[in-house]
Amino acid sequence: MIRVRFAPSPTGYLHIGSARTFIFNWLYARRHGGTMILRIDDTDIERNTEESLNSIFDGLNWLGLNWDEQYRQSERLALHKQIAETILAKGLAYRDFTPPNAAGAEKDDAQHASGAWLFNPGQREISQEESDRRAAAGEKFVVRFRVPREVPEAVTFTDLVYGEQSKSTADIEDFALLRSDGTPTYHLASCADDVDLRITHIVRGQDHLTNTFKHVLIFKAAGGETPQFAHLPLLVAPNGAKLSKRIHGPVVSVTTYRDAGFLPHAFMNFLCLLGWSPKNDREQMTRDELTQLFSFEGVNRSNAVVNFTDEDPFDAKAVWLNAETIRTMAVPDLSAELLPVVQAAGIAVDAAKMLQITPLVQERIRLLNDVLQVADFFFATELAPYETTELIPKKGDLAMAARALEKALEVLPGADFTHDGLESALRASSTDLGIKAGQMFEPIRVAVCGRKTAPPLFGTLEVLGKETCLARIAKALAKLTATGITPLN
RNA sequence: GGCGCUAUCGUCUAACGGUUAGGACAGAGCCCUCUCAAGGCUUAAAUACGGGUUCGAUUCCCGUUAGCGCUACCA
């Protein structure tokens with residue numbers, strides 16, 4: 001039985017890299033009928049916030065990701081401590097009475113050069129009696145793992161992504177297991193819980209690859225079975241730097257994508273393509289296909305760039321995937337997604353109206369929020385002001401615009417207000433006027449939409465309704481005559 | 001500094017010794033067309049560098065360079 005876990009520390013919003021890690025864990029679990037575990041690694045009491053935890057849940061829920069078991073590390077402190085005691089009792093760890101600052105402060109060049117930084121000389125070898133006596137006297141100490149270094153040996157493991165890994169104990173420092181206040185460090189808590197929760201596969205970011213040697217040591221010392229490891233390449237900024245909120249801003253937070261109008265599945269699909277490939281040139285996959293296709297063999301070893309810029313905050317591929325998803329959605333489904341977006345912008349629109357507008361914008365929006373710009377004239381009671389010259393059709397002039405609008409005002413009241421009815425009426429009008437169809441449509445489009453680029457004209461007029469159309473066209477014509485132009489010029 | 005990992009078009013990636021180095025996004029052009037989109041077609045664009053091994057290296061080995069990670073009583 002496969003058991004995997006996602007172990008975020010609630011010290012910030014849900015990072016897109018973390019989300020991807022969750023997804024790969026989830027895909028692997030679902031693929032093999034395993035168990036997905038959410039373990040909140042909240043051993044850093046200083047930086048944990050409830051708000052951050054909520055943001056993680058929000059992001060995960062939005063993506064439609066679920067889990068089968070949930071734990072909180074802070075509730076499992078006794079277990080961690082007990083495992084540390086076990087390791088200490090076996091003599092595989094020792095008490096280090098060095099005060100916190102003294103050790104760190106001078107750990108610079110000189111020590112680095114000598115290699116002495118690997119452990120704390122003297123502390124490591126104090127006698128059992130002295131150690132016990134000082135501990136009993138209440139002296140503060142941290143429990144350090146005693147890395148077997150007298151005779152250097154290789155610590156090895158096989159990573160499902162990176163292959164055979166090996167590191168000499170001569171290059172592994174005596175890391176801490178328990179802090180001087182008795183709380184467990186990340187390394188200890190993580191491994192203790194992985195053993196206790198019978199985790200079979202640890203799937204996490206590549207930034208833990210080097211830490212894994214320490215973890216292998218802990219697993220062995222604790223007498224537990226060492227899980228399998230699969231490290232994932234990191235998600236980085238265009239300059240190769242690690243993604244951080246401080247320098248890269250909101251683009252690293254999952255909620256930013258949600259709020260910008262990404263569809264959960266499109267975004268998940270995008271994340272999956274970063275550092276993983278099904279190897280057959282497929283890019284758009286449903287959730288089921290993703291779980292069928294996922295394997296660690298397809299995971300890449302080099303970091304993946306999330307390609308954003310200051311002008312363009314979202315990776316073009318993510319946007320494209322989103323647009324593709326929008327285009328393939330059933331109109332009612334898309335409309336249902338769009339409705340709350342429009343309403344959230346303070347616009348009063350009902351579901352029936354939204355359903356009419358949706359097919360007109362479907363191919364023209366990349367993010368759900370784009371509907372606010374693309375369909376603005378459907379919602380506005382008063383059109384935003386536009387230049388009168390906008391009304392001029394291609395190879396035409398103000399007079400031609402005026403004639404077209406006047407003609408429209410003449411035929412539209414009696415026209416069949418449907419796509420086909422409008423098309424035949426307007427095309428006939430252009431023939432009557434002796435101008436091209438496009439020259440007839442352009443002024444009407446601007447009069448009705450307030451700008452030159454808009455959804456297809458006939459459908460737009462139909463949805464807008466006769467009354468609104470006539471009013472807007474009349475208003476545009478008035479703008480023209482105000483400039484002294486008359487249709488006969 | 002030490003140790004570890006990585007290196008194919010601008011970006012995401014395919015090619016697990018033999019290909020005109022493929023696809024996608026983004027870019028450019030053309031077509032379609034009531035504008036914008038969408039769609040179709042075309043186009044430009046990459047194996048970091050240097051050595052090996054081999055009949056033959058993107059692919060295997062070594063070195064260089066570069067990037068990233070770890071090197072905390074953070075996770």
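In the text below, chain A, chain B and the rest are named by the order of the sequence lines, each starting its count at 1. Excluded from the calculations below are hydrogen atoms, water molecules and symmetry mates; all remaining heavy atoms, backbone and side chain alike, are included.
Distance, A/Gln362 CD to B/rC36 P: 20 Å, rounded to whole Å. Distance CG (A/Leu293) to P (B/rA14): 13 Å, rounded to an integer number of Å. The CZ atom of A/Arg451 sits 13 Å away from the C1' atom of B/rA37 (whole-angstrom rounding). The distance from atom CZ of A/Phe314 to atom P of B/rA26 is 16 Å, rounded to the nearest whole Å. When the P atom of B/rC73 is taken as reference, atom NZ of A/Lys214 falls 9 Å away, rounded to whole Å.
Counting non-hydrogen atoms under 4.0 angstrom, A/Ala454 reaches a base of the nucleic acid. A/Gly275 comes within 4.0 angstrom of sugar-phosphate atoms only, judged by non-hydrogen atoms across all strands, and of no base. Nucleic acid contact class of A/Val305 (heavy atoms, under 4.0 Å, all strands): sugar-phosphate only. A/Asn280 comes within 4.0 angstrom of nothing in the nucleic acid, heavy atoms only. Counting any heavy atom pair closer than 4.0 Å across all strands shown, A/Leu457 reaches a base atom. Within the 4.0 angstrom heavy-atom criterion, only backbone atoms of the sugar-phosphate kind lie near A/Lys242; the bases stay farther away. Across all strands shown, A/Glu283 has heavy atoms under 4.0 Å from base atoms, whether or not it also approaches the sugar-phosphate. Counting any heavy atom pair closer than 4.0 Å across all strands shown, A/His208 reaches a base atom. The residue A/Lys279 sits close only to the backbone: its heavy atoms come under 4.0 Å of sugar-phosphate atoms, none of a base. A/Pro455 comes within 4.0 angstrom of a base, heavy atoms only. At the heavy-atom level, A/Phe270 lies nowhere under 4.0 Å from the strands shown. Residue contacts shown for A/Pro233 are absent, as no nucleic acid heavy atom lies under 4.0 Å away. Nucleic acid contact class of A/Ser9 (heavy atoms, under 4.0 Å, all strands): sugar-phosphate only.
If you check the side chains of A/Ser131 and A/Arg95, you find a donor sitting under 3.5 Å from an acceptor. Side-chain contact of A/Asp174 with A/Tyr94: a donor-acceptor pair under 3.5 Å is present, judged by distance alone. Remark: the A/Asp181 side chain and the A/Thr183 side chain contain an N/O donor-acceptor pair separated by less than 3.5 Å.
Evaluation of atom-type donor-acceptor distances gives a pair under 3.5 Å for the side chain of A/Asp281 against the base of B/rG22. In terms of polar N and O atoms assigned as donor or acceptor, the side chain of A/Thr453 never comes within less than 3.5 Å of the base of B/rC36 in a complementary pairing.
Base pairing of B/rU53 is not made with any nucleotide, judged by Watson-Crick or G-U wobble geometry with both donor-acceptor distances under 3.5 Å. B/rA21 is unpaired under the criterion used here, namely a Watson-Crick or G-U wobble arrangement in which both key atom distances are under 3.5 Å. Look at B/rG1: its Watson-Crick or wobble partner, with both distances under 3.5 angstrom, is B/rU71.
Separation of the P atoms belonging to B/rA48 and B/rA14 is 15 Å when rounded to the nearest angstrom.
By the 4.0 Å N-to-carboxylate-O rule, A/Lys214 lies close enough to A/Glu173 to be salt-bridged with it. Taking 4.0 Å as the cut-off between side-chain N and carboxylate O, A/Glu85 and A/Lys81 do not count as a salt-bridged pair. Ion pairing between A/Asp193 and A/Arg76 holds under the 4.0 Å rule for side-chain N and carboxylate O.
The side chain of A/Thr43 places an N or O atom within less than 4.0 Å of a non-bridging phosphate oxygen (OP1 or OP2) of B/rA75. Under 4.0 angstrom from either OP1 or OP2 of B/rA38 there lies no side-chain N or O belonging to A/Arg364. OP1 or OP2 of B/rC73 sits under 4.0 Å from a side-chain N or O of A/Arg144. For B/rA14, the OP1/OP2 oxygens have a side-chain nitrogen or oxygen of A/Asn300 closer than 4.0 Å.
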Contact list (N/O, under 3.5 angstrom) for nucleotides 3-9 of chain B vs protein:
{"residue": "B/rC3", "atom": "O2'", "partner": "A/Lys167", "partner atom": "NZ", "Å": "3.3"}
{"residue": "B/rC5", "atom": "O2'", "partner": "A/Gln206", "partner atom": "NE2", "Å": "3.2"}

Using nucleotides 28-30 of chain B, report all nitrogen or oxygen pairs with the protein that are shorter than 3.5 Å.
none

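Pairs of residues two or more places apart, or lying in two chains, never qualify as salt bridge (charged side-chain N to carboxylate O under 4.0 Å, His left out) while including a residue from residues 358-369 of chain A. Residue pairs meeting the side chain to side chain donor-acceptor pair (under 3.5 Å) criterion with at least one partner in residues 295-318 of chain A, sequence neighbours excluded, are A/Glu283-A/Lys317. Under the side chain to side chain donor-acceptor pair (under 3.5 Å) criterion, the residue pairs touching residues 228-242 of chain A are A/Asp159-A/His231, A/Arg204-A/His231, A/Thr212-A/His231, with sequence neighbours excluded. Residue pairs that meet the ring pair (Phe, Tyr, Trp, His ring centres under 6.0 Å) test with at least one member in residues 424-450 of chain A, sequence neighbours left out, are A/Phe441-A/Phe458. Screening residues 272-282 of chain A for salt bridge (charged side-chain N to carboxylate O under 4.0 Å, His left out) gives A/Arg282-A/Glu289 as the qualifying pairs, with residues at least two apart or on separate chains. Sorted by first then second residue, the salt bridge (charged side-chain N to carboxylate O under 4.0 Å, His left out) pairs that include residues 431-452 of chain A, not counting sequence neighbours, are A/Asp376-A/Arg451, A/Lys407-A/Asp432.
In the region residues 317-328 of chain A, proximity to RNA chain B at under 4.0 angstrom, judged on heavy atoms, holds for A/Lys317, A/Trp320, A/Glu324, A/Arg327.
No donor-acceptor pair closer than 3.5 Å links the side chain of A/Asn54 to the backbone N or O of A/Glu51.
With sequence neighbours excluded, the residues satisfying salt bridge (charged side-chain N to carboxylate O under 4.0 Å, His left out) with A/Glu150 are A/Arg124.
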When every nucleotide of nucleotides 61-66 of chain B is labelled 5' to 3' by its protein contacts under 4.0 Å (heavy atoms), B for base, S for sugar-phosphate only, - for none, what sequence of letters results?
------
Do nucleotides 41-48 of chain B as a string where each nucleotide becomes B, S or -: B if the base has a protein heavy atom under 4.0 Å, S if just the sugar-phosphate does, - if no protein is that close.
--------
